[in-house]
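Please read all numbers here as calculations on a predicted model, not as lab measurements.
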Amino acid sequence: MKDFIIRFNLSDSEYMTALRLAVGAVCAAGDTDVDLTEDMKVCVTESCLILKSCGFESVEITLGCNGGVCATVRGEGGTPAESDNEFSLALVSALVSSCVLEREQGVISKIILTL
C-alpha cells in the first residue's frame with residue numbers, strides 16, 4: 001500500500017473524526033487487530049493535539065502499513081514554542097511499539113509512531 005497523506009488546519013477540530021477513520025482504514029489494510037487499531041487512533045489524534053499545543057497551525061499526517069502500521073505527524077506553520085506535553089507523550093509512548101520525536105530549536109515538530 002502506498003502512503004496516505006492528510007493535511008488540515010488544527011483549528012478545524014471536526015477533521016479529527018475523519019483522521020481517526022483514515023487511521024482505522026490503514027490499520028485494516030495492514031491487518032491490525034481492533035485493540036491496536038484503537039491505540040493507533042488515540043496516538044495519532046493525541047500527536048495532533050501535542051503539535052497544536054506547541055503552537056503549530058496545521059499538520060501533515062502520513063500513514064502507511066508496509067512492514068507494520070506507522071504514522072508520521074508533522075507540524076506546519078504557526079508560531080512554534082515549547083509546551084508541557086509530558087502526560088500526552090507518556091500516553092502515546094505506552095500505546096505504540098515506537099514513538100520517535102523530532103525537535104526543531106527545542107520544540108517538538110514531528111512525531112513518528114509505529115505499531
Side-chain angles (χ1 to χ4, degrees):
M1 177 180 175
K2 293 183 180 182
D3 287 344
F4 186 73
I5 299 171
I6 302 166
R7 285 189 183 103
F8 64 93
N9 190 302
L10 287 165
S11 65
D12 297 329
S13 59
E14 63 270 10
Y15 287 115
M16 289 292 192
T17 302
L19 175 61
R20 289 178 60 85
L21 290 169
V23 171
V26 171
C27 286
D31 202 26
T32 304
D33 72 42
V34 173
D35 291 331
L36 289 176
T37 297
E38 289 303 315
D39 289 348
M40 188 60 127
K41 288 178 184 179
V42 167
C43 291
V44 171
T45 53
E46 194 67 29
S47 295
C48 290
L49 295 174
I50 289 168
L51 293 172
K52 182 177 182 177
S53 77
C54 288
F56 287 98
E57 183 180 322
S58 59
V59 287
E60 177 185 273
I61 302 103
T62 304
L63 304 168
C65 62
N66 295 329
V69 175
C70 63
T72 300
V73 185
R74 184 174 57 87
E76 299 178 328
T79 309
E82 288 188 51
S83 178
D84 181 22
N85 292 294
E86 188 175 335
F87 179 76
S88 294
L89 291 170
L91 171 68
V92 170
S93 294
L95 294 176
V96 292
S97 298
S98 173
C99 174
V100 176
L101 305 177
E102 290 187 11
R103 298 176 187 267
E104 292 181 13
Q105 299 176 332
V107 179
I108 298 169
S109 60
K110 185 188 292 185
I111 303 169
I112 304 166
L113 309 166
T114 307
L115 283 182

In the structure I gave you, are the side-chain heavy atoms of E104 and E102 within less than 4.5 Å of one another anywhere? no
For C48 and V73, work out which heavy atoms get closest and say how close. SG-CG1, 4.1 Å
Check this for me, if you would: do E38 and R20 make a salt bridge, where the nitrogen-to-carboxylate-oxygen distance has to be below 4.0 angstrom? yes
Rounded at 0.5 Å granularity, tell me how far OG in S97 sits from CE in M40. 9.0 Å
So T72 and D3, do their side chains get closer than 4.5 Å, heavy atoms only? no
Where do C65 and F4 land on the side-chain contact (heavy atoms from CB on, under 4.5 Å) test, with the steps shown first? CA-CA 10 Å; C65 62; F4 186 73; over 6 Å; no
Let me see the working for L10 and V59 under side-chain contact (heavy atoms from CB on, under 4.5 Å), right down to the final yes or no. CA-CA 7 Å; L10 287 165; V59 287; 3.8 Å; yes
Kindly say whether A90 contributes a backbone atom to a donor-acceptor pair with the side chain of S93 at under 3.5 angstrom? no
Are V69 and I112 connected in a single hydrophobic cluster, I mean Ile/Leu/Val/Met/Phe/Trp/Tyr linked by side-chain heavy atoms less than 4.5 Å apart? no
Nearest 0.5 Å, please: how far is CZ in R74 from OG in S58? 8.5 Å
Point-to-point distance, once rounded to the nearest 0.5 Å, from CG of L101 to NZ of K110: 12.0 Å
Verify same cluster id: F8, L63 (apolar side-chain graph, 4.5 Å): yes
I need the minimum non-hydrogen distance between E46 and S88, along with the two atoms involved. OE2-OG, 2.6 Å
Which of these, D33, L36, L95, sits in a side chain to side chain contact (heavy atoms under 4.5 Å, CB included) with L115? L36
Same cluster or not: are V42 and L89 linked, directly or through other Ile, Leu, Val, Met, Phe, Trp or Tyr residues, by side-chain heavy atoms under 4.5 angstrom apart? no
Would the number of heavy atoms belonging to other residues, nucleotides or ligands and lying under 6.0 Å from CD of E14 be above 12? yes
When clusters are formed by joining ILVMFWY residues with side-chain heavy atoms under 4.5 Å apart, either directly or through shared neighbours, do V44 and L91 land in the same one? no
Would you indicate whether the side-chain heavy atoms of P80 and C54 approach each other to under 4.5 Å? no
Measure the CG-CD1 distance between L51 and I111 for me, rounded to the nearest 0.5 Å. 4.5 Å
Which atom of A22 lies closest to which atom of I6, heavy atoms considered: CB-CD1, 3.5 Å
Assess whether atom OH of Y15 is packed by more than 12 heavy atoms of other residues, nucleotides or ligands within 6.0 Å. no
From CG (N85) to CD1 (I108), nearest 0.5 Å: 5.5 Å
Are side-chain heavy atoms of L49 and M16 found at a separation under 4.5 Å? yes
